[in-house]
Number of protein chains: 4
Amino acid sequence: MNSVNLIGRWTRDPEMRFTQNGKALTKVSIAVNRTFGEGADFFEVVIWGKIAENTAQYTKKGSKVGIEGRLQQETWEKDGQKRSKVVIVAERVEFLDNKNSQSNPNNEIDGFQAIDDDDDIPF
Amino acid sequence: MNSVNLIGRWTRDPEMRFTQNGKALTKVSIAVNRTFGEGADFFEVVIWGKIAENTAQYTKKGSKVGIEGRLQQETWEKDGQKRSKVVIVAERVEFLDNKNSQSNPNNEIDGFQAIDDDDDIPF
Amino acid sequence: MNSVNLIGRWTRDPEMRFTQNGKALTKVSIAVNRTFGEGADFFEVVIWGKIAENTAQYTKKGSKVGIEGRLQQETWEKDGQKRSKVVIVAERVEFLDNKNSQSNPNNEIDGFQAIDDDDDIPF
Amino acid sequence: MNSVNLIGRWTRDPEMRFTQNGKALTKVSIAVNRTFGEGADFFEVVIWGKIAENTAQYTKKGSKVGIEGRLQQETWEKDGQKRSKVVIVAERVEFLDNKNSQSNPNNEIDGFQAIDDDDDIPF
DNA sequence: TTTT
DNA sequence: TTTT
């Protein structure tokens with residue numbers, strides 16, 4: 001079991017690219033406010049596939065989002081040193097800014113996005 | 001382990017009362033939209049203590065909220081029949097309507113509310 | 001967002017069947033102990049696909065499991081009355097009885113089972 | 001909202017100490033197996049209060065546990081460089097080794113431990 | 001209806 | 001009984 005749920009705001013615009021095998025990959029950072037209003041924690045978020053595309057397209061720095069995902073340890077080498085950090089792999093991203101509820105009455109982009117990209121999800 | 005995380009909207013105004021021992025108790029129902037936009041699920045939510053008061057004071061029918069809590073089985077008797085249902089006991093409620101972000105720059109009621117007033121530890 | 005995480009024990013043997021479209025469906029009930037040892041809550045669990053098969057094959061009444069899933073409201077009619085109840089749709093089931101850690105050194109069935117076999121809806 | 005749920009095993013013995021203000025603090029590291037059996041992720045876990053004491057007393061390297069908690073960003077300075085890492089603050093720890101289910105039929109230490117230390121929780 |  |  002490895003499950004994470006967060007609500008927060010992007011601290012910068014989501015950056016999307018395609019990997020060599022053609023899969024969309026978005027990286028972004030989230031600010032999660034602490035319970036009693038004293039500051040925030042900042043985490044790195046990694047998103048794959050169709051929701052990576054949707055997130056890059058429909059959200060930006062400051063957007064409020066809800067995330068369902070899991071924790072992952074990323075490891076790499078730098079100067080012969082093993083380094084590692086914890087990131088959140090988002091499996092669902094819910095867009096929580098209802099600014100567009102006027103202009104988007106059907107709420108099509110508000111709500112969870114599908115996990116996968118290699119398929120058919122209407123979006 | 002018993003952990004639930006939801007984002008949704010109240011389907012009616014939260015109803016608060018005080019129990020005999022003076023503890024605030026709010027009951028409300030939440031609509032949680034399904035992933036692919038096809039309908040919603042409706043759940044009953046029970047809130048205790050200070051967040052019960054805050055929820056009743058600052059949210060209403062239609063308010064968007066994030067909930068951290070746990071599942072609980074409520075049981076009772078009716079006509080000599082044992083009945084039971086599942087409710088969510090919310091230990092934190094995050095108010096997600098940023099309408100008030102203008103009028104409430106310090107964001108005091110936006111964000112998680114403390115669990116406790118002055119009593120026992122629910123967590 | 002709709003996310004549930006539980007640890008508990010099956011209160012009865014998982015019952016598996018295949019739906020008309022050939023998808024495995026397992027129903028079972030879980031007992032989740034409360035924090036301070038006073039009793040338990042009982043919830044109904046619904047499992048689809050390959051993990052439905054694995055759960056039916058490798059677990060039984062009394063098995064300890066961890067569940068990742070989501071809440072779902074089931075509705076039906078009885079005597080012209082609309083009825084409804086809350087169930088947990090398990091998207092992952094982790095088998096926590098390490099009795100078999102001897103006989104199953106590779107731990108292949110201990111740990112999360114994949115959600116799907118070969119089809120739609122990864123989540 | 002900031003919620004994490006994990007099942008895994010301690011990679012080393014939990015190390016407990018008391019802070020200056022007399023609060024118990026346990027640090028430990030957890031290995032969480034990936035879904036399809038390919039490897040594990042390793043995370044640092046921080047535990048406060050009574051459950052810090054219980055965890056140090058009743059678990060050790062290799063113990064299987066379930067954790068409910070939240071993510072926290074720890075920051076510090078090293079060589080004039082700002083550094084930061086993500087840790088899990090465990091608010092509940094469930095002991096999942098049922099070795100003692102024989103010798104401990106009442107299961108008193110199996111199950112969640114309370115969060116706080118400044119009180120009375122029977123344990 | 002209930003698990004350990 | 002239901003929210004947007």
Side-chain angles (χ1 to χ4, degrees), chain A residues 66 94-112, chain B residues 1-2 6-15 27-34 37-45 59-67 73 75 81-86 96-99, chain C residues 1-2 6-15 27-34 37-45 59-67 73 75 81-85 95-99, chain D residues 66 94-112:
Chain A
E94 187 162 356
F95 307 151
L96 298 174
D97 289 319
N98 20 27
K99 300 165 192 169
N100 31 23
S101 45
Q102 291 304 100
S103 55
N104 180 26
N106 292 340
N107 218 17
E108 273 161 273
I109 68 158
D110 188 49
F112 275 122
Chain B
M1 182 188 289
N2 180 341
L6 301 173
I7 293 175
R9 290 184 186 274
W10 300 143
T11 63
R12 49 183 172 86
D13 288 333
E15 287 165 21
K27 299 197 172 184
V28 64
S29 163
I30 193 170
V32 177
N33 289 317
R34 299 226 176 103
E38 348 102 1
D41 292 282
F42 299 86
F43 307 113
E44 290 183 49
V45 177
T59 67
K60 57 180 198 293
K61 180 174 174 173
S63 292
K64 185 182 276 192
V65 295
I67 288 178
Q73 191 195 206
T75 55
Q81 290 269 159
K82 261 193 171 172
R83 303 271 277 112
S84 133
K85 69 178 172 188
V86 173
L96 298 173
D97 289 318
N98 21 27
K99 300 165 192 168
Chain C
M1 182 188 289
N2 180 341
L6 301 173
I7 293 176
R9 291 183 186 275
W10 299 144
T11 63
R12 50 185 172 82
D13 289 333
E15 285 165 23
K27 296 196 174 186
V28 63
S29 164
I30 194 170
V32 177
N33 289 316
R34 300 227 175 103
E38 349 100 0
D41 292 281
F42 299 87
F43 308 113
E44 290 183 49
V45 177
T59 67
K60 58 178 197 295
K61 180 176 175 172
S63 292
K64 186 182 275 193
V65 295
I67 289 178
Q73 189 194 208
T75 56
Q81 290 267 158
K82 262 192 169 170
R83 303 272 277 112
S84 135
K85 69 178 173 189
F95 306 150
L96 298 174
D97 289 318
N98 20 27
K99 301 163 190 170
Chain D
E94 187 162 356
F95 306 151
L96 298 173
D97 290 318
N98 21 26
K99 301 165 191 167
N100 31 24
S101 44
Q102 292 303 101
S103 55
N104 180 25
N106 292 340
N107 219 16
E108 274 161 273
I109 68 156
D110 189 47
F112 275 123

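What you see is a predicted model, and the numbers here were worked out from it, not measured in a lab. The basis for the numbers below is simple: all heavy atoms, side chains too, and nothing from hydrogens, waters or symmetry mates. Residue numbers begin at 1 in each chain, while the letters A, B, ... track the order of the sequences.
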Self-check item: NZ on B:Lys61 to OG1 on B:Thr11, rounded to 0.5 Å
Solution: 7.5 Å
Quiz item: To the nearest angstrom, how far is B:Asp13 atom CG from F:dT2 atom C1'?
Solution: 13 Å
Quiz item: Any side-chain N or O of C:Lys82 under 4.0 Å from OP1/OP2 of F:dT1?
Solution: yes
Quiz item: Between F:dT2, F:dT4, E:dT3, which nucleotide gets closest to the side-chain atoms of C:Ala40?
Solution: E:dT3
Self-check item: Separation of C:Thr59 OG1 from C:Arg9 CZ (nearest 0.5 Å)
Solution: 12.0 Å
Quiz item: Where the side chain of C:Asp13 meets the backbone of C:Lys60, is there a donor-acceptor pair that is under 3.5 Å apart?
Solution: no
Quiz item: Which is true for C:Glu44 with a 4.0 Å heavy-atom rule: it touches a base, it touches only sugar-phosphate, or it touches nothing?
Solution: nothing
Quiz prompt | Side-chain donor/acceptor of D:Glu94 to backbone N/O of B:Met1, under 3.5 Å | solution = yes
Practice problem: Determine the minimum heavy-atom distance between C:Gln73 and B:Arg34, stating which atoms define it. | Solution: O-NH2, 4.2 Å
Exercise. Find the distance B:Asn33:CG to F:dT2:P and express it as a whole number of Å.
Key: 15 Å
Exercise. In whole angstrom, give the distance that lies between atom NZ of B:Lys85 and atom P of F:dT1.
Key: 15 Å
Exercise. Could you state the atom-to-atom distance from CD of C:Gln73 to C1' of F:dT1 in whole Å?
Key: 11 Å
Exercise. Check the distance between E:dT4's P and C:Arg12's CZ and give it to me in whole angstrom.
Key: 14 Å
Self-check item: Base of F:dT3 and ring of B:Phe42 stacked, centres under 5.5 Å, planes under 30°
Solution: no
Practice problem: Take atom CG of C:Leu6 and atom P of E:dT3, then tell me their distance rounded to the nearest Å. | Solution: 18 Å
Quiz item: Roughly, in whole Å, what's the span from CD1 in C:Ile30 to P in E:dT1?
Solution: 20 Å
Quiz item: Choosing from F:dT3, F:dT2, E:dT3, which nucleotide comes nearest the side chain of C:Lys61?
Solution: E:dT3
Practice problem: Measure from CZ on B:Phe43 to C1' on F:dT3 and round the result to the nearest Å. | Solution: 13 Å
Self-check item: Nearest-neighbour nucleotide for the B:Arg9 side chain, F:dT3, E:dT4, E:dT2 considered
Solution: F:dT3
